[in-house]
Novice: 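Pasting a structure below so you can have a look.
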Amino acid sequence: MPELPEVETTVRGLAKVIDGRRIARVEMRREDLRRAFPPDLGQRLTGARVTGLGRRAKYGLIHTDRGDTLVFHLGMSGHWRVDPAELGQHDHLLIVTDEGRQVALNDARRFGSVDLVCSDELPQWPAFRALGPEPTGELTGAWLKQKFTGRKASVKAMLMDQRIIAGLGNIYACEALYRARIDPRKVAGKVSRAKLEALAEAIPAVLGEAIAAGGSTLRDFVSPDGELGYFAKEFAVYGREGHPCGCGGTVTRIVQGARSTFFCLKCQT
DNA sequence: AGATATTCCTGGAGGC
DNA sequence: TGCCTCCAGGAATATC
């Protein structure tokens, strides 16, 4: 399941193939993912030159010299394949460069999305307008303090709120809370300032380590089978229900907001 | 304000 | 082996 590190790794891998290239051909192999593809997607992209790639929250951005930005979301099963030997049932969007390289957006469960947005209007694009700061670099304990003060929801729920932090998903919310030794059930407004400082450090740390691991695992950001963004992940608590924690406690699973939360009952307080 | 439910979708896991 | 059920996930939206 792609989270921010996988999106970042994907964007870096895509950039190596398509950045600076002219788009020679676009093939929409179905009409929609979660939403319909922009009907004029092929027309607006074909012939355009890719001027750069980026990421906002868990969205990947492909900028073109026509003032458009292709915005993609990987949902839970989406990934790009580089120079696939052949196209399969779940390769929904194909982009071919002027060099003849191919990248295909593959998404079996079709939770992903593809939109084309005027680059100048990206900050005002509905999905981006209310987003909080990026969790990699812009986050401070003071910001968390300001946002959490007076809030009675759990700190885990707050971390999942994209208006407070953009792009932090279930896995890395769990991992960051573990790293900062915070009980995910704790009322957000009651987390100590010291813990918030630790959290503001833990969040970019766990994400940064995952991105670094992805880059090294995939070597050059492309796996041997041409897939971008999926790599072996080693989590401290996520998916490790029943496993021992280093403190002598046991990793426990609970459900918060219909999402699994994994944490150590003993050392997260 | 905040919790909960629903929708989208299907591969994979587990049960029998 | 083969059916069946259920779960996973992010975001938008609705309802309490």
Side-chain angles (χ1 to χ4, degrees), chain A residues 1-11 29-37 55-61 71-81 88-93 105-115 117 122 124-132 134-135 144 146-177 184-191 203 206-207 210 225 227 229-233 235 237-242 251-263:
Chain A
M1 51 216 86
E3 285 212 23
L4 186 150
E6 287 81 4
V7 179
E8 181 67 33
T9 306
T10 292
V11 164
R29 306 185 74 243
R30 60 174 298 130
E31 296 178 353
D32 63 336
L33 291 178
R34 287 188 62 203
R35 301 189 292 273
F37 285 142
R55 179 191 58 73
R56 177 74 173 116
K58 278 171 277 194
Y59 293 86
L61 310 174
V71 183
F72 65 85
H73 195 292
L74 296 175
M76 72 173 293
S77 60
H79 58 279
W80 287 86
R81 304 171 67 213
Q89 180 188 359
H90 301 302
D91 290 310
H92 306 308
L93 176 68
L105 177 60
N106 182 292
D107 186 359
R109 299 186 196 179
R110 304 209 303 275
F111 255 43
S113 62
V114 171
D115 293 282
V117 182
L122 275 174
Q124 298 310 315
W125 190 52
F128 286 1
R129 200 168 42 214
L131 286 178
E134 283 291 318
L144 294 178
Q146 179 198 329
K147 288 297 173 184
F148 287 5
T149 296
R151 299 294 296 267
K152 295 192 172 91
S154 71
V155 59
K156 166 82 181 313
M158 291 285 108
L159 291 186
M160 301 283 286
D161 186 335
Q162 302 296 298
R163 295 168 296 187
I164 293 175
I165 305 171
L168 194 63
N170 196 40
I171 295 172
Y172 293 98
C174 290
E175 294 294 306
L177 286 167
R185 301 167 297 183
K186 198 169 179 75
V187 169
K190 292 190 174 178
V191 179
I203 291 167
V206 295
L207 292 171
D225 55 5
E227 300 200 352
Y230 280 65
F231 42 88
K233 299 174 280 280
F235 301 126
V237 286
Y238 186 83
R240 294 178 58 79
E241 181 179 16
V251 177
T252 302
R253 185 181 86 96
I254 60 171
V255 175
Q256 293 179 290
R259 292 281 180 274
S260 288
T261 298
F262 296 89
F263 70 112

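Letters A, B, ... mirror the listed sequences (proteins, then strands); counts begin at 1. Note that the coordinates shown come from a computational prediction; the quantities given were computed from them, not determined experimentally. The basis for the numbers below is simple: all heavy atoms, side chains too, and nothing from hydrogens, waters or symmetry mates.
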Novice: Begin from the C-alpha positions of A/F262 and A/R240 and carry the test side-chain contact (heavy atoms from CB on, under 4.5 Å) through to its verdict.
Specialist: CA-CA 7 Å; A/F262 296 89; A/R240 294 178 58 79; 5.8 Å; no

Novice: Which part of the nucleic acid, if any, lies within contact of A/R253, taking any heavy atom under 4.0 Å across all strands shown: a base, the sugar-phosphate backbone alone, or nothing?
Specialist: sugar-phosphate

Novice: Just report the end-to-end axis angle for the helix from B/dG2-C/dC16 to B/dC16-C/dG2, five pairs per end, to 10 degrees.
Specialist: 60°

Novice: Remember a base hit wins even if backbone is also touched, and classify A/S113 as base, sugar-phosphate or nothing at under 4.0 Å, heavy atoms.
Specialist: nothing

Novice: Is it true that A/E134 and A/R55 have a side-chain N and a carboxylate O under 4.0 angstrom from each other?
Specialist: yes

Novice: Under a criterion of less than 4.0 angstrom to any heavy atom of chain A, what are the 5'-terminal and 3'-terminal contacting nucleotides of DNA chain B?
Specialist: B/dG2 to B/dG11

Novice: Between A/Q162 and A/G167 (side chain of the first, backbone of the second, donor and acceptor by atom type, cut-off under 3.5 Å), is there such a pair?
Specialist: yes

Novice: For the pair A/H73 (side chain) and A/V114 (backbone), establish whether a donor and an acceptor sit closer than 3.5 Å, ignoring hydrogens and angles.
Specialist: no

Novice: May I ask you to check whether A/S260 and A/R253 show a side-chain donor-acceptor distance below 3.5 Å?
Specialist: yes

Novice: Does a salt bridge link A/D91 with A/R29, judged by any charged N lying under 4.0 Å from a carboxylate O?
Specialist: no

Novice: Between A/R110 (CZ) and C/dA8 (C1'), how many Å, whole number?
Specialist: 17 Å

Novice: May I ask you to say what A/D107 touches in the nucleic acid, namely base, sugar-phosphate or nothing, with a heavy-atom cut-off under 4.0 Å?
Specialist: nothing

Novice: Using atom types as modelled and distance alone, determine if a side-chain donor or acceptor of A/S77 lies under 3.5 Å from a backbone N or O of A/R109.
Specialist: yes

Novice: What one-letter contact string describes nucleotides 11-16 of chain C from 5' to 3', where B marks a base within less than 4.0 Å of any protein heavy atom, S marks contact via sugar-phosphate atoms alone, and - marks no contact?
Specialist: BS----

Novice: Quick one: on DNA chain B, does A/G257 or A/A108 contact a more 5' nucleotide (nearest heavy atom)?
Specialist: A/G257

Novice: Could A/D32 and A/R30 be called an ion pair, given the rule that one side-chain N must be under 4.0 Å from one carboxylate O?
Specialist: yes

Novice: Just by modelled atom types, is the A/V237 backbone N or O under 3.5 Å from a matching donor or acceptor in the A/E175 side chain?
Specialist: yes

Novice: Can the ring centroids of A/Y59 and A/F128 be said to lie less than 6.0 angstrom from one another?
Specialist: yes

Novice: Only one of A/Q256, A/E3, A/K156 clears side chain to side chain donor-acceptor pair (under 3.5 Å) with A/N170; which?
Specialist: A/K156

